[in-house]
Amino acid sequence: MSLSHYLQGITRSANTIFEGLAVTFSHLLREPVTIQYPDRTTRPVRDMLPERYRGFLEVQMDICSACKRCERACPIDCISIDTQKHPETKKLMVTRFDIDVSKCMFCGLCAEACEEGATGAIRHTREFEGSVGVIDALVFRFVPPGEQFPMYRTPKDKSEIPLGQVGPHAREARERALRDNPALFDSLRQQTTGEGNQPG
Ligand code: SF4
Ligand code: SF4
């Protein structure tokens with residue numbers, strides 16, 4: 001190898017090192033592109049989620065007709081619903097409504113099936129923080145052990161279906177339902193505040 005080739009090699013290596021260092025140091029002065037979760041965001045993460053974000057599922061048992069459309073629609077069998085007749089009243093009761101969130105892929109097929117063919121009792125919330133010590137804790141049980149809910153009789157006119165209120169994540173789902181449905185929000189506000197019934 002000639003001396004000039006040798007010197008060119010050293011110059012190229014030095015240039016490469018300086019280019020690399022220039023890139024590295026330039027990043028020291030830039031704003032970071034990553035966000036420290038969860039405590040250094042400018043707004044709560046939940047407020048930054050897209051409008052139609054699909055988080056954990058919520059079932060409002062007081063308006064569930066136990067039709068099992070959601071169970072049948074789920075492609076990976078996350079949902080398990082059991083019913084039985086009450087020995088005295090002979091009414092059909094929901095004795096189990098479990099959703100295994102650890103298997104759920106948040107496709108929304110169950111909520112769609114319920115919304116289109118039933119009462120809208122199952123829906124996605126905007127909740128997503130599901131860190132647990134044991135995976136079984138991700139089976140959400142909407143009928144507490146030993147309890148049962150009467151099957152909801154769906155009215156012919158679906159606009160008569162109330163906004164469900166029973167469920168571990170009911171408040172969140174309720175807020176979401178209201179936000180997505182301003183007409184419902186207005187009618188509920190009228191019911192609760194008497195607004196619109198006042199003279200004048
Ligand atoms: S009413 Fe909705 S949540 Fe209840 S079983 Fe039917 S589809 Fe599922
Ligand atoms: S979101 Fe999809 S995967 Fe999850 S329970 Fe519903 S249908 Fe099943």
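Counting starts at 1 for both ligands and their atoms, following the listed order. Sequential numbering from 1 along the given sequence is applied to the chain's residues.
Screening Glu112, Glu115, Gln60 against Arg123 for a side chain to side chain contact (heavy atoms under 4.5 Å, CB included) leaves a single residue, Gln60. Ile99 pairs in a side chain to side chain contact (heavy atoms under 4.5 Å, CB included) with only one of the listed residues (Leu138, Ile81, Ile122), which is Ile122.
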Donor-acceptor pairs under 3.5 Å, side chain of residues 13-24 to any protein atom, not counting sequence neighbours: which ones?
unit_1, atom_1, unit_2, atom_2, d
Ser13, OG, Gly9, O, 3.0
Thr16, OG1, Arg12, O, 2.8
Thr24, OG1, Gly20, O, 3.0

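For atom 8 (Fe) of ligand 2, the nearest non-hydrogen atom from the set Ala73, Cys74, Pro75, Ala113 comes from Cys74.
Put simply, the side chain of Arg54 never gets that close to the backbone of Arg126: no donor and acceptor are under 3.5 Å apart.
Of the protein's heavy atoms, Leu57 CD1, 3.5 Å lies nearest to atom 5 (S) of ligand 2. The nearest heavy-atom contact from the protein to atom 2 (Fe) of ligand 2 is Cys107 SG, 2.2 Å. Ranking protein heavy atoms by distance to atom 4 (Fe) of ligand 2, first place goes to Cys104 SG, 2.4 Å. In this structure, atom 6 (Fe) of ligand 2 lies nearest to the protein heavy atom Cys110 SG, 2.4 Å.
Below 4.0 Å from some heavy atom of Phe106 lie the following atoms of ligand 2, by number and element: 1 (S), 4 (Fe). Of all atoms in ligand 2, numbered sequentially from 1 with element shown, those under 4.0 Å from a heavy atom of Met105 are 3 (S), 4 (Fe). Close contacts of ligand 2 with Gly108, meaning ligand atoms under 4.0 Å from a residue heavy atom, involve 1 (S), 2 (Fe).
By the 4.5 Å heavy-atom criterion applied to side chains, Met93 and Pro150 are counted as neighbours. Side-chain contact check for Leu109 versus Cys74: every heavy-atom pair is 4.5 Å or farther apart. Side-chain contact between Asp82 and Phe97 is absent, with no heavy atoms from C-beta onward closer than 4.5 Å. Annotation: side chain of Cys67 is not in contact with side chain of Tyr152 (no heavy-atom distance under 4.5 Å).
Proximity of Cys78 to ligand 2, defined as any heavy-atom pair under 4.0 Å, is confined to the side chain (atoms from C-beta onward).
Under 2.8 Å from atom 4 (Fe) of ligand 1, one finds the following protein N/O/S atoms: Cys64 SG.
Between Phe56 and Phe128, the gap from one ring centroid to the other reaches at least 6.0 Å.
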Arg96 and Ser80: side-chain contact (heavy atoms from CB on, under 4.5 Å), yes or no, with the steps? CA-CA 7 Å; Arg96 178 185 180 211; Ser80 309; 3.5 Å; yes

